[in-house]
Protein chains: 2
Amino acid sequence: MSLKHILLGLAERECSGYDIKKEFDTSLRNFWRAELSQIYPQLQKLKTDGLLTSDTAESGQGPQRIVYHRTGAGKAMLKDWLEAGPVVGTERIAFLAQVYFLHELDSDDARLEFMGALRAYFVERLAFLDSVEQGWAAKYPGYPDDMPDDEFYPQLTLACGKHRIGATVAWCDETIARIKKRATA
Amino acid sequence: MSLKHILLGLAERECSGYDIKKEFDTSLRNFWRAELSQIYPQLQKLKTDGLLTSDTAESGQGPQRIVYHRTGAGKAMLKDWLEAGPVVGTERIAFLAQVYFLHELDSDDARLEFMGALRAYFVERLAFLDSVEQGWAAKYPGYPDDMPDDEFYPQLTLACGKHRIGATVAWCDETIARIKKRATA
DNA sequence: TATCCCATGTAACTAGTTACATGATTCG
DNA sequence: CGAATCATGTAACTAGTTACATGGGATA
């Protein structure tokens, strides 16, 4: 279960469920997503399990915040997860399932439209990653290697996204060319 | 919901739940996985929804097989899914969540060990894809483009896997070098 | 005779999504 | 005064996992 461990990782610093949601929607968005309706109960559960503690804090606007912080046991559980080695082989890639059955569309035009939409999506993702990167580069003159640990490792996930999405765009281009060639054959 | 549509795609030809499981474990394994305990009830549901029909067939060994075949409505639903455009942005990549928090491990050696294990996994996946490809190449002299439709589109998913996994291995190498450089700095 | 593959399923559980409910403050 | 943002949650549902249950036929 990764969500649990992600919350334990984020709770190195005091944070509320609302704060965490914002992190999912920005920094973590390349590899994980979660809704508030999943985050809040999970934080409560981690607290009853003794992995987090909570405190109330005033917020400038709106109701009181409940801020969480991880315990020693919480940190230990996160470390166990990392020490158990990479969690791989569980990914589901829906668009590839669609490509697998793309012959069910009834024209090459329809198939090319599908591939064009796919390519556009990934190009947009790549642009987003570039913009995040520019923010970092502006903040750290020694970017990407001269950064504190708690930014260096997140930066690695961005670098991975760039590699993978770049490769996916290249595959889209290749695929579009192959379908066109096939159409004229 | 992708599983439903994948089953509708596979049920173009008559197949049993058991057959489908084998397809998940071989051809589809690059982008989706499913257990028998999810497949069997889902097939039953698709039948009651009028998207599949079923028949019993003798099997050489073991009990009777229940073979499914999709209806016109089933085919139409699959087409609707494809025509609605690519399903993207839902992926969860657990190993990147781990990398994001890798600074929580307490030595560079531990971090390099993690990255080494990750690299080894992807190298192995790449070798598997190469072996699948060699099988295809042996069967079709005009590989990869001169293949029937119902093999060409699956082949595209293999090509995508090769691109993406290749890029991931390159990222692992780059990352290992960056962590080493950081360790000596 | 033991193990593997064939073949179908159910039960209990965990994980994640969508919709709903509440209420304060701030900005235009 | 209306919309956006802050802030927390519950309820109902869908999706997926793990464990259990059954039993035939083939192979070693």
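A quick note: this is a predicted structure, and the numbers were derived from the prediction, not measured. To find a chain, count down the sequence lines: A is the first, B the second, and so on, and within it residues start at 1.
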Close residues, residues 11-32 of chain B, relative to DNA chain C [heavy-atom separation under 4.0 Å]: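 Listed by number, they are B:S16, B:G17, B:Y18.
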
Pair B:R164-A:T168, side-chain donor/acceptor within less than 3.5 Å: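 There is such a pair (donor and acceptor under 3.5 Å, judged by atom type) between the side chains of B:R164 and A:T168.
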
Side-chain H-bond candidate by donor/acceptor type, B:Q155 with B:W136, under 3.5 Å: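 Judged by distance alone, the side chains do not pair up.
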
Members besides B:Y18 in its Ile/Leu/Val/Met/Phe/Trp/Tyr cluster (side-chain heavy atoms under 4.5 Å):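 Besides B:Y18, the hydrophobic cluster comprises B:L36, B:Y40, listed by chain and residue number.
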
Salt bridge [X]-[Y], side-chain N to carboxylate O under 4.0 Å:
X      : Y      : answer
B:R13  : B:D150 : yes
A:K21  : A:E35  : yes
B:R182 : B:D108 : no

Using atom names, set out every protein N or O paired with an N or O of nucleotides 18-21 of chain D below 3.5 Å, distance rounded to 0.1 Å.
{"from": "D:dT18", "atom 1": "O4", "to": "B:S37", "atom 2": "OG", "distance (Å)": "2.5"}

Spacing between [X] atom [atom1] and [N] atom [atom2], to the nearest angstrom:
X     : N      : atom1 : atom2 : result
B:L46 : D:dT14 : CG    : P     : 14 Å
B:I39 : C:dA7  : CD1   : C1'   : 13 Å
B:D55 : C:dT8  : CG    : C1'   : 16 Å
A:Y40 : D:dA7  : OH    : P     : 8 Å
A:Q64 : C:dG23 : CD    : C1'   : 14 Å
B:R65 : C:dC5  : CZ    : C1'   : 13 Å
A:K4  : C:dT14 : NZ    : P     : 11 Å
A:K45 : C:dG16 : NZ    : P     : 13 Å

A:F122: ring-ring contact (aromatic ring centres under 6.0 Å, His included) partners, not counting sequence neighbours: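 Counting only residues at least two positions away or on another chain, A:F122 forms a ring-ring contact (aromatic ring centres under 6.0 Å, His included) with A:F95.
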
B:D19 side-chain N/O to B:S16 backbone N/O, donor-acceptor pair under 3.5 Å: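 Yes, because the side chain of B:D19 sits within donor-acceptor range (under 3.5 Å) of the backbone of B:S16.
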
Polar side-chain atom of A:R119 near backbone of A:D173 as donor-acceptor pair, under 3.5 Å: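 No; judged by distance alone, with no hydrogens or angles, the pair does not exist.
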
Within 6.0 angstrom of B:E83 CD, more than 12 heavy atoms from elsewhere: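 Yes - once you tally the heavy atoms of other residues, nucleotides and ligands closer than 6.0 Å, there are more than 12.
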
Residues, nucleotides or ligands: over 12 heavy atoms within 6.0 Å of B:E124 CD: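 For B:E124, atom CD is not crowded (no more than 12 foreign heavy atoms under 6.0 Å).
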
Sugar-phosphate, base or nothing in reach of A:L3, heavy atoms under 4.0 Å: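 A:L3: backbone/sugar contact only, no base atoms under 4.0 Å.
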
Sugar-phosphate, base or nothing in reach of A:Q42, heavy atoms under 4.0 Å: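 Nothing, no heavy atom under 4.0 Å.
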
B:R70: side-chain hydrogen bond (donor to acceptor under 3.5 Å, both in side chains) partners, not counting sequence neighbours: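 Partners of B:R70 under the side-chain hydrogen bond (donor to acceptor under 3.5 Å, both in side chains) test: A:E104.
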
OP1 or OP2 of C:dG9 under 4.0 Å from side-chain N/O of B:Q44: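 Checking C:dG9 against B:Q44, a side-chain N or O does come within under 4.0 Å of OP1 or OP2.
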
First of B:V67 and A:M1 reached from the 5' end of DNA chain C, by closest nucleotide: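 On the 5' side of the pair lies B:V67.
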
Any residue of residues 73-93 of chain B with a heavy atom less than 4.0 Å from an atom of DNA chain D: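 Heavy-atom cutoff 4.0 Å gives no residues at all.
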
